J.: 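My structure is below; once you've seen it, I'll send some questions.
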Amino acid sequence: QVQLVESGGGLVQPGGSLRLSCVYSGFTSKNLRMNWYRQAPGKERELVATISGTGVSKTANSVKGRFTISRDNAKNTVYLEMNRLTPEDTAIYFCNGYLGMDAYWGQGTQVTVSS
């Protein structure tokens, strides 16, 4: 059974930092591509960052230079380090992976950036 569990969200002031974690299980291997998405109220889901099984990462232009995706395959964990946060980063953040053609999602963790 595929499971993904996000944690680390919360309330942070503009300019602050948070690190999100996603612990996953049930995929066919421990080194598949993993992704972070976010969705704000009234907006479409946005791909924030992606990381290959070997650790090659890419981030969306909207967060480039501020967010970093990383992973620890031995711990089945993917991280999203978020720095210099702005109110526009407020959203529910989800981690995601694929088993065959099927996408699987965690429950999400809320990030709120406000003073």
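Just so you know, these numbers come straight off a predicted model, no measurement behind them.
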J.: Any non-hydrogen side-chain atom of Gln110 less than 4.5 Å from a side-chain atom of Thr90?
T.: yes
J.: In terms of hydrophobic clusters joined by side-chain contacts under 4.5 Å, are Tyr104 and Val5 together?
T.: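 Different hydrophobic clusters.
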J.: Hey, does the side chain of Glu6 reach the backbone of Gly108 with a donor-acceptor pair shorter than 3.5 angstrom?
T.: yes
J.: With rounding to the nearest 0.5 angstrom, report the OG to CG distance, Ser57 to Asn35.
T.: 12.0 Å
J.: Between Val78 and Val23, is there a shared hydrophobic cluster once you connect ILVMFWY residues whose side-chain heavy atoms come closer than 4.5 Å?
T.: no
J.: Determine whether Tyr79 and Thr68 satisfy the following criterion, side-chain contact (heavy atoms from CB on, under 4.5 Å), listing intermediate values before the conclusion.
T.: CA-CA 8 Å; Tyr79 304 96; Thr68 302; over 6 Å; no
J.: If you look at every heavy atom in Ala103 and Asn96, which pair is closest and at what distance?
T.: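 Where Ala103 meets Asn96 most closely, the heavy atoms are CB-ND2, 3.8 Å.
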J.: Is the side chain of Arg33 donor-acceptor paired with the backbone N or O of Tyr98 at a distance under 3.5 Å, no angle test?
T.: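 Here the side-chain-to-backbone pair does not exist.
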J.: With side-chain contact (heavy atoms from CB on, under 4.5 Å) as the test, would you mind laying out the steps for Ser17 and Asn83 before giving the verdict?
T.: CA-CA 4 Å; Ser17 299; Asn83 300 305; 2.9 Å; yes
J.: For the NZ atom on Lys64, are there more than 12 heavy atoms of other groups (residues, nucleotides or ligands in this structure) within a distance under 6.0 Å?
T.: yes
J.: If you look at every heavy atom in Asp89 and Arg38, which pair is closest and at what distance?
T.: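 Asp89 and Arg38 have their closest heavy atoms at OD1-NH1, 2.9 Å.
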J.: With a 3.5 Å cut-off and no angle check, do the side chains of Ser114 and Thr112 form a donor-acceptor pair?
T.: no
J.: CZ/Arg71 to SG/Cys22 distance, rounded to the nearest 0.5 angstrom?
T.: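 Here the rounded value is 10.0 Å.
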J.: Got a second to check how far Cys95's SG is from Ile51's CD1, nearest 0.5 Å?
T.: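 The distance works out to 12.5 Å.
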J.: When clusters are formed by joining ILVMFWY residues with side-chain heavy atoms under 4.5 Å apart, either directly or through shared neighbours, do Leu4 and Tyr37 land in the same one?
T.: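 In one cluster with Leu4: Tyr37, no.
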J.: Indicate, with yes or no, if Trp105 and Ile92 share a hydrophobic cluster defined by side-chain heavy-atom contacts under 4.5 Å among Ile, Leu, Val, Met, Phe, Trp and Tyr.
T.: yes
J.: Return the CD to CG distance between Glu81 and Leu18, rounded to the nearest 0.5 Å.
T.: 8.5 Å
J.: Taking all heavy atoms of Ala49 and all of Leu80, pick out the closest pair and write down the distance.
T.: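 Reported closest heavy-atom pair: CB-CD1, 4.2 Å.
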J.: Give the ring-plane orientation class for Tyr93 versus Phe67, where under 30° counts as parallel, over 60° as perpendicular and anything between as tilted.
T.: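 Tyr93 and Phe67: tilted rings.
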J.: Quick check: closest heavy atoms across Gly97 and Met34, and the distance to 0.1 Å?
T.: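 Heavy atoms only, the tightest pair is CA-SD, 4.1 Å.
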J.: Is it the case that the side chain of Thr59 and the backbone of Val63 share a donor-acceptor pair, with hydrogens and angles ignored and the cut-off at 3.5 Å?
T.: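 Side chain of Thr59 to backbone of Val63: no pair is present.
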J.: If you round to the nearest 0.5 Å, how far is CE of Met82 from CZ of Arg19?
T.: 11.5 Å
J.: Distance from Gln13 atom CD to Leu11 atom CG, nearest 0.5 Å?
T.: 8.0 Å
J.: Hydrophobic clusters here meaning ILVMFWY residues chained together by side-chain heavy-atom distances under 4.5 Å, can you tell me if Trp36 and Phe94 are in one?
T.: no
J.: Any heavy-atom pair between the side chains of Leu20 and Val111 that's under 4.5 Å?
T.: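 Yes, their side chains come closer than 4.5 Å.
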J.: Would you say Val113 and Pro14 make side-chain contact, with heavy atoms under 4.5 Å?
T.: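 Yes - at least one pair of side-chain heavy atoms lies under 4.5 Å apart.
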